[in-house]
There are 2 protein chains.
Amino acid sequence: MTPQRPTMNDVARTAGVSLKTVSRVVNGETTVAPDLVARVQAAVESLDYRPHVGATMLRRHDRSTRTIGVLLDDVSHPFSAALHRAVEDQARSRGIHVLTGSLDHDPVRERDLAAAFAERQTDGLILAPSGAELEPHTMPVVFVDRIPAGATGDTVVSTNVSGAAGAVRHLIAHGHRQIGFLGGHRHLSTARDRYRGYQRALGRRAGPAVHDLHDPTEAEKAAIAMLRGPGAPTALFAARSTVTFGAVRALRRLGRQHAVALVGFGDFPLADLLDPPVTVVAQDPARMGRTAAEALFERIDGYDGAPREIRIPTTLIPRGSGEL
Amino acid sequence: MTPQRPTMNDVARTAGVSLKTVSRVVNGETTVAPDLVARVQAAVESLDYRPHVGATMLRRHDRSTRTIGVLLDDVSHPFSAALHRAVEDQARSRGIHVLTGSLDHDPVRERDLAAAFAERQTDGLILAPSGAELEPHTMPVVFVDRIPAGATGDTVVSTNVSGAAGAVRHLIAHGHRQIGFLGGHRHLSTARDRYRGYQRALGRRAGPAVHDLHDPTEAEKAAIAMLRGPGAPTALFAARSTVTFGAVRALRRLGRQHAVALVGFGDFPLADLLDPPVTVVAQDPARMGRTAAEALFERIDGYDGAPREIRIPTTLIPRGSGEL
DNA sequence: CTACTTCGAGACAACGTTGTCTCTCAATGC
DNA sequence: GCATTGAGAGACAACGTTGTCTCGAAGTAG
């Protein structure tokens, strides 16, 4: 037998008033006599009554759920986690709840979760797209970190091209001419843009490049091969933090961490405590999340302008590894 | 004028069938003639019809929302983030969505968010308690990481006492007799338990102790003071990872990172790349999240046994800093 | 003292969907 | 050829709540 939560009718009966009066009290209307209010509240307490959200939504014509969805690569990854947190803070200030999901770069998961959130009628979605064909939906969507392949909507990204170019120019300014590139999956716009920045800074002097590196282990192997190969670079540019970790390990392994320069894209905790401390182009995931949330709320509130592409600046943080 | 989503009635009209037939098709009942199914589906497509969740819930007597809440200290903190991710994975395998919230050790926020989730009728809650008085609620709750002050429910925690004791015994085994303790807020059960483990391992030989350290900066100051003070320890035990960061910085600042031993409670990325690599007692946040989610789902499914306290073992990972 | 206003509180319908009942029509068995 | 069955499809009520309408009582003005 199910516990059967009490309804307004039960409350009305125990309080000895009409159903509608309970409704009024529950909704804080002022047109109820004080003693009745007290009786109703007592009954609500004693029965532990809670309004049925479904019925309330139905009657109020309220399709808004005061909930948004956030779909990121992996909520346990520091970048995604910081972004998520910033979105949550923005949402909290508006009394809105946040549903989360990790996509792991899986297009199927992306499509399914986006559809599920649409189905559950979240009021909006913040999505780090990895190339899924999204079902068309009416709900507002803001893309973060990467530019989606097909769909249109507001997009919040780092200044990937100029950030990467700045990193490489920094290496050039420190005398490096042979600079290697280690990058992530090229089907993601971030990987492509950072490579473009690298190329832009170097022109025809572009050095050896390895793409589509997935995790630190792969990156470590690629870096070792590059440093042992012909035309070995004197400096490395690592286009994302997992690749940076692999590069750090590779240099350490070869005992060349003080001989080969390294600049990574994306800051990470303890970068300043490594030996040498790692120079990075820092992104600002918190600001990206905040900005994405603001854009989404504007859309939810009815703003209907053309899709915007908002670029969040990156910052070069010289720490030692890039100034060798 | 509101966009007004279409209802089943609209679909029925455009498909030229009865309301109920649409309901049957939408719910995948098999007692509908194939041509009607096709007509209805076409109408659903063309109108972009989606069932009204409120009405569905109402009619189905379905108070379940297939959603759980996860309230942790800070979803951008690696420990919370890993735990969150594990919960999410468990939930996904059951087709359940996850609402998140960061509490920042704020009891008001804890109470408010727990109440809000109860209000929105999540089916259950996973909570890292920090001492708020929770309103009584009917929804199942599983506590993680810390043991709540008042409320009762299943609890999933690390083996804090024995883990801390093991860390300290490890230092003792390496010849240390004067071991300092750096810990977090004592109103949290984790801080108290880890201190108890420290005391248990040392008995009356317990060394200097500083409690209630909040962030790396505070911890760094405290460690420096301790190492400069009278009876300076030859080894440090840092009871949480933010404190460990501060201790690492302090030793580095004093140039004593190869002279004073350090064991931290809680693993962190790149610990193995520092100099010296940091020995830790690793927790298993992913397993804690998985376990908590399993416990919660059992409760949601109706299990009604006495509250359980599940302890997830910790693992000592010697890396160098504790073997000086 | 009457007429008019105001205010509190209940009756009733409606929101969009699904469970149950009923009806029709065709297929089946004897 | 008639009764029986069953499957497909519609009519209707109901879920728990809120908007609207109504009604009675009390207050106010003339």
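Just so it is clear: chains get the letters A, B, ... in the order the sequence lines come, proteins before strands, and each one is counted from 1.
- Base contact: B:S23 has a heavy atom under 4.0 Å from a base atom.
- With salt bridges taken as basic N to acidic carboxylate O contacts below 4.0 Å, none links A:R111 and A:D106.
- Residue A:N27 places at least one side-chain N or O under 4.0 Å from the OP1 or OP2 atom of D:dT18.
- Under the 4.5 Å side-chain criterion, counting only non-hydrogen atoms from C-beta, B:H84 is in contact with A:H84.
- Atom pair A:R5:CZ and D:dT17:C1' shows a separation of 15 Å (rounding to whole Å applied).
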Original post:
Should A:D145 and A:T190 be marked as a side chain to side chain contact (heavy atoms under 4.5 Å, CB included) after you check the CA-CA gap, both sets of side-chain angles, and the distance that decides it?
Top reply: CA-CA 7 Å; A:D145 191 36; A:T190 42; 3.9 Å; yes
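- The cationic group of A:R5 does not satisfy the cation-pi geometry with A:Y49, failing either the under 6.0 Å distance to the six-membered ring centre or the 45° limit from the ring axis.
- Side-chain atoms of B:R192 come within 3.5 Å of backbone N or O of B:H187 as a donor-acceptor pair.
- A:E29 places its CD atom 9 Å from the P atom of D:dT18, with the value rounded to the nearest Å.
- B:D73 is not listed as a side-chain neighbour of B:F79, based on a closest heavy-atom distance of 4.5 Å or more.
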Subject >> Letter per nucleotide, 5' to 3', of nucleotides 9-15 of chain D [B base touched, S only sugar-phosphate touched, - untouched; heavy atoms, 4.0 Å] >> reply: BBB-BBB
